[in-house]
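Worksheet for the structure shown next.
Residue numbers count from 1 along this sequence.
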Amino acid sequence: MRAISGGNGFRRHFLFVVVVLAFIGVMRPIASQAQTCGTDYTIKEGETLAQIAARVYGNPAQWTIIFYANQDRLGTNVSLLVPGFTLRLPCVGGGQQAQPLPPIATTPAQTQAPSEASIIISSLVRRIEFLTADGFAPFTGRSLEGGGMLTQVIAGAMGLVKDEAKGRFDFGVSWVNDWSAHLNPLLLTRAFDVGFPWARPNCDGVNLEPTSQFRCQRFFFSEPLYEVITGLFVQAGSRFKSLRNEEIAGATLCVPAGQPVHELDDHGRGWVRDNKIVLMRPPTVDECFRLLDAATVDGVVESELAGRASITSLGLADKVRMIEQPIALTTFHVLVSKSHPHARTILYYMNSSLEKLRESGEYDRIVERHLARFWEAQGVPNPAISVTPAAAPVSAAPRREAAPAPAATPKGRADATKK
């Protein structure tokens, strides 16, 4: 198995192969004895993980249980899934063996609702250290309830893993107020396991700028934590009314350093690629809005919520407006270095628990509560699109992300004062 374009590309590729082979297996049944969990199993010719999962768990979709339990054996090499290869078959839940089922060709598999499925606990991952920073309201910030909306979402999701692990797992959240240091060196050297919240560029795109290339090449992304609107902020009396190329051509736009700019080229715009605009990259979003207030730049590209929080804190709410047409919809994720030895298990924990949090309704309750407080603090009525706001957090200049990583920082360190 070979990771092609980050975590999501890998997962789609692997799932496609498994689904196709599972379908072939249904049309051409194989002779096999019923199998129970809690044992090792030797793969026979023509078998797939989906077929094995159907017999063991009663649901072919639970092939991921077998995959994650054997990632130390399978790695990322699909050629290892060959006849004679031995797999561990973990038991779901409290370790009770499942009742064996006949092959799926003769007996339909009994499906299980996702909310009832257990999270399989690895004996190798006992703790996950998350890394974030202050100053990205309403998503992260130690002065905010629960550390911010996405911090609380992650805490809720990891709490589900803790409950399932029954004392065999824990997690921590550390704050390092230097976004530029997060990807490299802190995550690449595994000083911390996971960083959040980070925007996922279009890793399948072409001509990505260095910041996006680095992110796609070196990190896996979780399922989306939240979807946000990225917009163009201009002075209240600005001549800019829309995002039409003829109107934007020649403008000087500000995007915080390290934030992807591929969205400025999407949808046929080509603003950066074709040099239609002048781009300024100061270190923070606040500095972008100071430049806008001084008329040094014509506009600021930023998420709706992060942009509104910045202009309110700077006292510019009456001087700045956001063009109604959005530049893009962006998703926030947690990310983990592809070189992390337990990257797949961490992603499994994150994605599985996030799905359960959504199904329970707790995700919606967290988001709605934080958004209501955010809009109240801004003195702005909650807009109709109240559940779609912000953009990528500020990080370092691209050259910092791509630089060789120095020696790792001790994992337990949480330098909250680092700037």
Side chains of [X] and [Y]: does their closest heavy-atom pair fall under 4.5 Å?
{"X": "P224", "Y": "H333", "value": "yes"}
{"X": "L232", "Y": "L253", "value": "yes"}
{"X": "I121", "Y": "V161", "value": "yes"}
{"X": "F221", "Y": "P201", "value": "yes"}
{"X": "T151", "Y": "L144", "value": "no"}
{"X": "R373", "Y": "P138", "value": "no"}
{"X": "L292", "Y": "C254", "value": "no"}

Check whether any side-chain N or O of [X] sits under 3.5 Å from a backbone N or O of [Y] as a donor-acceptor pair, and report yes or no.
{"X": "D298", "Y": "A251", "result": "no"}
{"X": "R269", "Y": "I327", "result": "yes"}
{"X": "T140", "Y": "A133", "result": "yes"}
{"X": "S222", "Y": "V334", "result": "yes"}
{"X": "H182", "Y": "V176", "result": "yes"}
{"X": "T132", "Y": "F196", "result": "yes"}
{"X": "N177", "Y": "D134", "result": "yes"}
{"X": "S360", "Y": "L357", "result": "yes"}
{"X": "Y363", "Y": "L225", "result": "yes"}
{"X": "N351", "Y": "E223", "result": "yes"}

Salt bridge check: are [X] and [Y] linked by an N-O gap of less than 4.0 Å?
{"X": "E164", "Y": "K356", "result": "no"}
{"X": "R358", "Y": "E355", "result": "no"}
{"X": "K162", "Y": "D170", "result": "yes"}

- Go through the side-chain N and O atoms of E302 and S310 and say whether any donor and acceptor fall under 3.5 Å apart.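 The answer is no; no qualifying pair exists.
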If I compare all heavy atoms of [X] with all of [Y], which pair ends up nearest, and what's the gap?
{"X": "K44", "Y": "E47", "result": "N-OE1, 2.8 Å"}
{"X": "A306", "Y": "F136", "result": "CB-CE1, 3.7 Å"}
{"X": "F220", "Y": "A343", "result": "CD1-CB, 3.9 Å"}

- side chain to side chain contact (heavy atoms under 4.5 Å, CB included) assessment of M350 paired with I154: CA-CA 8 Å; M350 190 67 243; I154 286 174; 4.1 Å; yes
- Are R308 and F374 in a cation-pi contact, defined as NZ or CZ under 6.0 Å from the six-membered ring centre and within 45° of the axis? no
- Message: Let's go through R218 and L183 carefully: what are the C-alpha distance in whole Å and the side-chain angles of both, what is the deciding distance for side chain to side chain contact (heavy atoms under 4.5 Å, CB included) to 0.1 Å, and is it a yes or a no?
- Response: CA-CA 9 Å; R218 303 299 296 272; L183 302 188; over 6 Å; no
- Residue from L187, V194, L347 passing side chain to side chain contact (heavy atoms under 4.5 Å, CB included) with L335: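 So, applying the side chain to side chain contact (heavy atoms under 4.5 Å, CB included) to L335 and each of L187, V194, L347, only L187 qualifies.
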- Query: Would you call the rings of F169 and F171 parallel, tilted or perpendicular if under 30° counts as parallel and over 60° as perpendicular?
  - Reply: parallel
